[in-house]
Amino acid sequence: MSSHTFLSVFRSRGLKQAAAGVVVAAVAWGGGSYWFGLKTEQTLAEQYRLLQSVPLFVVKSHSYQRGWFSSTETTELTFNKKLFTPYLSMLPANAAEWLDTTVRYTNHIKHGPLPEIGDFGFRPGRAVVTTEFAMSEQTRKTLQKFFGDKPPITVINRLNFGGGGTLTASIPKFDYEEPLAGVKVDWKGLDTRIDYEPGYKEYAVDVKVPGLNVEAATKGRVALDGVHYQSSHRPGQTGVTLGSSEMSVVKVSLDAKESLPYEIKLNELVYLLTRMRVGEFINPVGEIKPSRAVLDQLRYQIVTSEQDDFVNTRGKLSFAHLSVDQNSYGPMRLDVSANHLHGPTLVRLDQALSAIPFEGVEPAALRQQYIDTIKKNGLPLLTNNPKLLVNDFYLKLPAGEVKASGDLALNNLREADLNKPADFLAKVEANASIEVPKQTLESMVVAQARNLFVVDETAENPPSVDEIDDLARNLLASQLEIWQEGHYLTIQNGQVRTRMNWKDGKMSISGKPVSMPWQEAPPAPEPEPAPPPAAAARP
């Protein structure tokens, strides 16, 4: 065989082998893409089931068209109006129209194993899902004022080979101004990242908002700087979600040019928690006058851990400085814990509360259902020696410092003890240490006195606000003096300090035993007067 013939045969065989390789690669690629399309549909179907379980929305329509190399999923959502019906009176006037809004989005799905190869992306994965939101022409024109030609939100969901993935969502920054209305909005954008494992029970969240500044010529200004939220969660052996979450805010600023009225219904909160009616005299009422407030370095953190069948959780809240007009507060720190909580009971209680039908239920009836469910399912939380702790509380006020620490525990409580108050209190152990400025106590008492003694202007000689304030101050000063003389508290450098302890059904304040009303001996009966002497017998 000549060399020329040999080369011809070799080239022919090489071309055939290359062609066969291309065919095999194409078949493998197509088969792999089809298989990844099947697995992607399963993953997204699980995500859709999670969406269906969210009570805030009602799924109006849903469709999934699976192709060989790509697929399309379209979903329409509306707000669950039955959920909001009992609360419509509390929402803005245009809430009903807002609740009729339909949210329509389409997921454009590219199958793996290299889902972004068409865009010169070589990151392997099961699929890449890009979400496109449908908007009316009016909504689109409105958003163009803020974002221009940029999409108002970008959502990308990258699915890993194992079933988990990473979802990212971002809103671009914009700078908007209406000179005639005197309105300015400076939005620094938002970036969100969610890493999730198969089954979606273990996930991590990271959200960043660099800043927001809103100015209105007649109203004032509000600004947020450096908002950062992070969390990491996983399921525990008892079914309780474990992990941590924390948020930090560099600065919050408020400059209000108009008065804002307020009325805080503390009595409703007390009734919700205790079923006791305490009257409206504890409700602070007034108005926030035009003012300027700045809050620096706000932080909170919650950590939940597990040991055997019991769950421990700890929360911390702090800020570096708060200024309101000419007053300065801070630093502040709060550190609280709830320990030895029975994990299986927490899971059952959560399931029972979630099963309560709430659509169309009046708030009062719904609140009663929640309380009854807690009473029925929450008993093991009390009978397994739970303990609540205020590890530390500190707040610097213009008048001085507020300090507090303490704990509350239930030891060896039994169900029968709940029917006997004395037996229940014998299982309670509590300790508290409190220090507060005297001037702060005085301000609190004066404020409550103003709410309690309503001045009737139609009365002949109504008391003035100054008279009510003086009466409250004098009553407080007299009571504090009595308690100090009895060594129940100390007053030094304008600070009031005391300690309280409760154990074995007995209380002590600053080390001195204090008898509770039911522990005091009944007063001894007064002796009956002696009968008059009998008349002397006559001879």
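When reading the values below, keep in mind they use all heavy atoms of this one structure, side chains included, and skip hydrogens, waters and symmetry mates. Numbering of residues begins at 1 and proceeds along the displayed sequence.
- The backbone N or O of Ser405 lies less than 3.5 Å from no partner atom in the side chain of Asp392, so there is not a single donor-acceptor pair.
- Side-chain atoms of Gln439 never come within 3.5 Å of backbone atoms of Gly494 as a donor-acceptor pair (strictly under, hydrogens ignored).
- Minimum heavy-atom separation, Pro380 to Arg348: CG-NH2, 4.2 Å.
- When side chains are defined from C-beta on, Trp483 counts as touching Leu480, because their heavy atoms get closer than 4.5 Å.
- Between Arg49 and Gln52, the closest side-chain pair of non-hydrogen atoms falls below 4.5 Å.
- One N or O on the side chain of Glu306 and one on the backbone of Gln237 form a donor-acceptor pair closer than 3.5 Å.
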Practice prompt. Any chance you could lay out the side-chain contact (heavy atoms from CB on, under 4.5 Å) test for Ser231 and His233, step after step, and finish with the verdict?
Written response: CA-CA 7 Å; Ser231 68; His233 298 283; 3.6 Å; yes
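- In Gln479, the CD atom is crowded: over 12 heavy atoms of neighbouring residues, nucleotides or ligands sit closer than 6.0 Å.
- To the nearest 0.5 Å, atom CG of residue Leu346 and atom CG of residue Asn377 are 11.5 Å apart.
- Of the listed residues (Asp335, Thr304, Ile302, Val336), just one forms a side-chain contact (heavy atoms from CB on, under 4.5 Å) with Arg314, and that residue is Asp335.
- Put simply, the side chain of Leu413 reaches to within 4.5 Å of the side chain of Leu418, judged on heavy atoms.
- Ring pair Tyr300/Tyr229 is tilted by interplanar angle, where 30° to 60° counts as tilted.
- Put simply, the side chain of Asp191 does not reach to within 4.5 Å of the side chain of Val207, judged on heavy atoms.
- Looking at every heavy atom in both residues, Gly378 comes nearest to Thr345 through CA-CG2, 4.2 Å.
- At least one donor-acceptor pair closer than 3.5 Å links the side chain of Thr498 to the backbone N or O of Tyr488.
- A distance-only check finds no donor-acceptor pair linking the side chain of Lys387 to the backbone of Ala409 [under 3.5 Å].
- For the atom pair CG of Leu51 and CD of Gln47, the computed distance is 9.5 Å after rounding to the nearest 0.5 Å.
- Aromatic rings of Phe310 and His342 (six-membered ring for Trp) have centroids within the 6.0 Å cut-off, being under it.
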Item to complete: Output, in order, the C-alpha distance, side-chain angles, deciding distance and verdict of side-chain contact (heavy atoms from CB on, under 4.5 Å) for Asp225 and Asn213.
Response: CA-CA 8 Å; Asp225 293 313; Asn213 181 52; over 6 Å; no
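- Using modelled atom types, one side-chain atom of Lys512 and one backbone atom of Gly486 make a donor-acceptor pair closer than 3.5 Å.
- Salt bridge annotation for Arg414-Asp417: absent, with no cationic side-chain nitrogen under 4.0 angstrom from a carboxylate oxygen.
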Discussion item. For a side-chain contact (heavy atoms from CB on, under 4.5 Å) check, start with the C-alpha distance between Val58 and Leu77, then their side-chain angles and the critical distance, and finish with the verdict.
Written reply: CA-CA 6 Å; Val58 174; Leu77 303 175; over 6 Å; no
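- Formation of a donor-acceptor pair under 3.5 Å by the Ser53 side chain with backbone atoms of Leu50 is found in this model.
- Although no hydrogens or angles enter the test, the distance criterion places no donor-acceptor pair under 3.5 Å between the side chain of Asp296 and the main chain of Lys251.
- Taken from CZ in Arg299 to OG in Ser248, the straight-line distance is 5.0 Å, to the nearest 0.5 Å.
- The shortest distance between side-chain heavy atoms of Val209 and Leu224 does not fall below 4.5 Å.
- Between Met507 and Asn501, every side-chain heavy-atom pair lies at or beyond the 4.5 Å cut-off.
- Of all heavy-atom pairs spanning Tyr329 and Leu397, the tightest one is CD2-CD2, 3.4 Å.
- In this structure, CD on Glu435 lies 5.0 Å from NZ on Lys403, to the nearest 0.5 angstrom.
- Side chain of Ser478 to backbone of Asn474: no donor-acceptor contact under 3.5 angstrom is found.
- Residues Pro198 and Gly163 approach most closely at CG-C, 4.0 Å, considering heavy atoms.
- Between Gly330 and Leu395, the shortest heavy-atom distance links the atoms N-CD1, 4.1 Å.
- Judged purely by atom type and a 3.5 angstrom limit, Asn431 has no side-chain atom pairing as donor or acceptor with the backbone of Gly406.
- When all heavy atoms of Ala399 and Thr440 are compared, the closest pair comes out as CB-OG1, 4.0 Å.
- One finds the OH atom of Tyr200 at 5.0 Å from the OG1 atom of Thr43 (value rounded to the nearest 0.5 Å).
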Worksheet item: What do the steps show when you test Arg221 against Leu254 for side-chain contact (heavy atoms from CB on, under 4.5 Å), and what is the final call?
Response: CA-CA 6 Å; Arg221 172 181 175 270; Leu254 172 65; over 6 Å; no
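- Arg473 has its side chain within reach of Asp469: a pair of non-hydrogen atoms, C-beta onward, lies under 4.5 Å apart.
- Remark: His487 NE2 is loosely packed, at most 12 non-hydrogen atoms of other residues, nucleotides or ligands lying under 6.0 Å away.
- Salt-bridge formation is detected for the pair Arg193/Asp195: a Lys NZ or Arg NE/NH1/NH2 atom is positioned less than 4.0 Å from an Asp or Glu carboxylate oxygen.
- If you take CG on Asp255 and CZ on Arg292, they are separated by 5.5 Å, rounding to the nearest 0.5 Å.
- In this structure, Asn312 and Leu341 have side chains that are not in contact, with every pair of non-hydrogen atoms separated by 4.5 Å or more.
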